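What you see is a predicted model, and the numbers here were worked out from it, not measured in a lab.
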Amino acid sequence: WSSDVCSSDLYVSFMPARAIGTSTIAFGLVSLPVKIYSTGESSRKVSFNMIWKERGVRVRQQYIDPADGTVVPREEIVKGYEFSKDQYVLFTKEELEVVEAPKSDEIEIVSFVPADTVDRLLFNKAYYLGPDKGGARAYRLLGAALRETERVAIAKHATLGKQYIVMIRPHEEGLLMEQLWYQDEIRSFGEVPLEEGEVNEAELGLAVQLIDQAASDSFDPGMFHDEVRERTLELIQQKVDGQEITAAPIEESKRIKGSADGTWARQNANFEDVAHHWLLIDIDGYRPGFADPVHEPVLDRKSTRLNSSH
């Protein structure tokens, strides 16, 4: 444990990518062994353990019968489906294995479609794909063919007893696999309640003027940082150093930001006038352009209890 836990160098340094799984892409007579890599860095997350305040030791989770508080051993727990209020049908591990996806490491390509025909709303997770031993040539071949035809591969991927629909597309010098939602998993926007409202020309003109003031030619993700994470790490560092933790005064949030540091606002002399008029547009208390409130880190852990039926 280093005392300099908040050092930017410590948290920015990355180790070589480590595969989280392997598979085989099958299309036609070609079998392409691949390794699957996460596109995110999970170690960037700040995780807390549950500690007993009195003794300073980690606590462990137990399964409790709410009827009498009895601790239920894990080996006596089975899965159950609630088909009616407090009524369950129980399943053994062997019974569930019958309906699970067959154990296979294969990614079965079923079609090739134009990339723009896949709705962005369907995108769920993304994974990098790299060639496994002996697959370099076929890996390059698939990537080149997808680029040449400007299409993406749609495939079925069975893993961990579940089956997913995935999309494989070229990415930089390699391939990217994106896990998609099934169509019946997507909620319709029609379920979102919308109230009637009219937009007059004056308000529209002000809104367009504000957008023009904050417009950029492209999105730069490097402009943004997880400020809550950075403040949390600073707080941890103070604890490690034995400092007393005090609440720092919160600066008044700038209501409208066009970039991570708001520099564009200072470069436009008439920005304040435009923003002032824009903020007069208030529909039921909601004013577009307000900065999001600061969210403090919280522990999202709940005790797990078993519902018992007699």
Side-chain angles (χ1 to χ4, degrees), residues 1-22 35-82 86 88 90-97 100 103 124-128 159-162 164 179 221 224-250 292-310:
W1 173 273
S2 169
S3 62
D4 190 16
V5 296
C6 291
S7 167
S8 59
D9 292 336
L10 175 63
Y11 285 89
V12 171
S13 60
F14 293 98
M15 299 292 290
R18 177 179 297 179
I20 60 175
T22 59
K35 291 183 178 182
I36 303 173
Y37 300 86
S38 173
T39 56
E41 182 61 40
S42 59
S43 63
R44 299 281 293 176
K45 297 180 180 178
V46 180
S47 300
F48 292 92
N49 295 309
M50 305 296 286
I51 306 297
W52 186 0
K53 182 178 179 180
E54 181 178 333
R55 297 187 180 180
V57 296
R58 290 181 62 176
V59 296
R60 62 182 181 181
Q61 191 178 56
Q62 292 181 320
Y63 293 88
I64 306 296
D65 184 338
D68 57 12
T70 301
V71 177
V72 182
R74 287 181 177 270
E75 60 271 15
E76 296 183 13
I77 296 175
V78 296
K79 292 185 177 181
Y81 181 84
E82 186 177 20
D86 293 332
Y88 304 86
L90 306 182
F91 296 89
T92 64
K93 179 180 178 181
E94 292 73 22
E95 288 174 325
L96 291 176
E97 287 178 347
E100 289 180 351
K103 294 183 178 179
N124 185 1
K125 300 177 182 178
Y127 301 90
Y128 294 133
T159 180
L160 300 177
K162 298 181 179 180
Y164 302 94
Q179 181 180 313
F224 303 91
H225 303 276
D226 188 342
E227 298 177 5
V228 172
R229 175 181 178 275
E230 292 173 353
R231 292 198 301 269
T232 303
L233 290 175
E234 292 175 0
L235 188 68
I236 293 173
Q237 184 65 59
Q238 292 178 21
K239 282 283 190 178
V240 173
D241 293 341
Q243 299 179 18
E244 181 180 356
I245 306 302
T246 58
I250 300 177
D292 290 335
V294 175
H295 296 284
E296 295 300 329
V298 296
L299 294 178
D300 188 16
R301 300 254 181 132
K302 297 180 180 179
S303 299
T304 304
R305 290 181 174 270
L306 295 174
N307 291 323
S308 61
S309 58
H310 301 283

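In terms of heavy atoms, Gln61 sits closest to Arg74 at O-NH2, 4.4 Å. What you find for Val78 and Phe91 is that their closest heavy atoms are CB-O, 3.7 Å. When all heavy atoms are compared, the tightest approach of Val71 to Gln62 is CG2-OE1, 3.7 Å.
Residue Ile20 holds its CD1 atom at 10.5 Å from OH of Tyr37, rounded to the nearest 0.5 Å. The CZ atom of Arg60 sits 15.5 Å away from the CE atom of Met50 when rounded to the nearest 0.5 Å. Rounded to the nearest 0.5 angstrom, Ile64 CD1 and Thr70 OG1 are separated by 8.0 Å. For the atom pair CG of Leu96 and OH of Tyr81, the computed distance is 13.0 Å after rounding to the nearest 0.5 Å.
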Given side-chain contact (heavy atoms from CB on, under 4.5 Å), test Asn124 with Tyr164 step by step and report yes or no. CA-CA 11 Å; Asn124 185 1; Tyr164 302 94; over 6 Å; no
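Distance alone, capped at 3.5 Å, places no donor-acceptor pair between the Glu76 side chain and the Pro73 backbone.
For the pair Val59/Ile51, no side-chain contact is recorded, criterion being any heavy-atom separation below 4.5 Å from C-beta on. At least one side-chain heavy atom of Val46 sits under 4.5 Å from a side-chain heavy atom of Ile236.
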